Participant: 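Here it is, the structure, as structure tokens.
Owing to the predicted nature of the structure, the values given are computational and were not obtained by experimental measurement. Counting starts at 1 for both ligands and their atoms, following the listed order.
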Amino acid sequence: MLNRYISFADAFVICYSISSRKSFERAFELFQLVGQRRNVSQIARVLVGCKCDASAFREVSASEANSLSAQLQCSFAETSSLENLNIFDVFDECVSQLNYIRILRRSNEDQEEWYRNSSKNASNWCCFL
Ligand SMILES: Nc1nc2c(ncn2[C@@H]2O[C@H](COP(=O)(O)OP(=O)(O)OP(=O)(O)O)[C@@H](O)[C@H]2O)c(=O)[nH]1
């Protein structure tokens, strides 16, 4: 099932608990799996540290997770569903990334079409030597 999701999903929100280093390490492994199988410039990716209200049990600092997200070149946020913190922002971020990817893809397709058409009409072009 995991392999299927990795192959077909457009967006990946990979979560760990800030109170569990093991879950943080697992999140890193999942990002690596995704990176091995997908072109990361064509998918949305967000690393999410959950339960950030539980600071007394923190095992993963925000700065460590931020550094990892820089290394993975993905977005990062800490959230708390208990305190309703940053939950919507994570989904907003995903949608923004997907829109950006779609715009970039369209612009590449337009450019390719322009080149195709211009090579068809190549005889209309002048060449200055
Ligand atoms: N402090 C805190 N606890 C949370 C938060 N979100 C979930 N929990 C607690 O974490 C535990 C698991 O929460 P679930 O919502 O069941 O999360 P899940 O990923 O579905 O977990 P599983 O059912 O174990 O797979 C519960 O005891 C929740 O009360 C949060 O933002 N802050």
Participant: Would you confirm whether any non-hydrogen atom of the protein falls under 4.0 Å from atom 8 (N) of ligand 1?
Facilitator: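 Protein heavy atoms within 4.0 Å of atom 8 (N) of ligand 1 - there is at least one.
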Participant: Are any of the N or O atoms of Ala54 closer than 3.5 Å to those of ligand 1?
Facilitator: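 No, Ala54 has no N/O under 3.5 Å of an N/O on ligand 1.
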Participant: Could you tell me whether atom 3 (N) of ligand 1 has a protein heavy atom closer than 4.0 Å?
Facilitator: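 Under the 4.0 Å cut-off, atom 3 (N) of ligand 1 does have protein heavy-atom neighbours.
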Participant: Give the atoms of ligand 1, by number and element, whose distance to some non-hydrogen atom of Ser80 is under 4.0 Å.
Facilitator: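 Contacts of ligand 1 toward Ser80, numbered from 1: 31 (O).
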Participant: Has the side chain of Arg26 got a donor or acceptor atom that lies under 3.5 Å from a matching backbone atom of Tyr16?
Facilitator: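 Side chain of Arg26 to backbone of Tyr16: no pair is present.
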Participant: Would a single hydrophobic cluster contain both Leu33 and Ile43, if residues Ile, Leu, Val, Met, Phe, Trp and Tyr are joined by side-chain heavy-atom contacts under 4.5 Å?
Facilitator: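 Both belong to a single hydrophobic cluster.
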Participant: Strictly distance-based, threshold 3.5 Å: is any side-chain N or O of Arg45 a donor or acceptor partner for the main-chain N or O of Val34?
Facilitator: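 Between the backbone of Val34 and the side chain of Arg45 there is no qualifying donor-acceptor contact (under 3.5 Å).
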Participant: Tell me whether Phe12 is reachable from Phe31 by hopping between hydrophobic residues (I, L, V, M, F, W, Y) whose side-chain heavy atoms are closer than 4.5 Å.
Facilitator: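 In one cluster: yes.
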Participant: Suppose we measure from atom 10 (O) of ligand 1 to each protein heavy atom; which comes out shortest, and what is that distance?
Facilitator: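 For this ligand atom, the closest protein heavy atom is Lys51 NZ, 3.0 Å.
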Participant: Within 4.0 Å of atom 18 (P) of ligand 1 (strictly less), any protein heavy atom?
Facilitator: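 When distances to the protein are checked, atom 18 (P) of ligand 1 has no heavy atom within 4.0 Å.
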Participant: Between Ser20 and Ser17, is any side-chain donor less than 3.5 angstrom from a side-chain acceptor?
Facilitator: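 Side chains of Ser20 and Ser17: no pair found under 3.5 Å.
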Participant: Less than 4.0 Å between atom 12 (C) of ligand 1 and some protein heavy atom, yes or no?
Facilitator: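 Answer no: nothing from the protein, no heavy atom, is under 4.0 Å.
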Participant: Cut-off 3.5 Å, side chains only: do Gln36 and Gln32 have a donor facing an acceptor?
Facilitator: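 Side-chain D/A pair, Gln36 to Gln32: absent.
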Participant: Considering non-hydrogen atoms of the protein only, which is the closest contact for atom 32 (N) of ligand 1, and what is the distance?
Facilitator: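 The closest heavy atom on the protein side is Asp53 OD1, 2.7 Å.
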Participant: Just wondering, more than 12 heavy atoms not from Glu25 lying within 6.0 Å of its CD?
Facilitator: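 Counting other residues, nucleotides and ligands, CD of Glu25 exceeds 12 neighbours.
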Participant: Report yes if some heavy atom in the side chain of Val40 is under 4.5 Å from a heavy atom in the side chain of Gln73; otherwise report no.
Facilitator: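 No, side chains not in contact.
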Participant: Looking only at protein heavy atoms, identify the closest one to atom 6 (N) of ligand 1 and say how far it is in Å.
Facilitator: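 Checking every protein heavy atom, the shortest distance to atom 6 (N) of ligand 1 gives Ser81 OG, 2.9 Å.
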Participant: As a test of the contact definition, would atom 24 (O) of ligand 1 count as having a protein heavy-atom neighbour under 4.0 Å?
Facilitator: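 No; the ligand atom in question lacks any protein heavy-atom contact below 4.0 Å.
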Participant: Under 4.0 Å from a heavy atom of Leu82: which atoms of ligand 1 are those, numbered in the order shown and with their elements?
Facilitator: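 Numbered from 1, ligand 1 contributes 30 (C), 31 (O), 32 (N).
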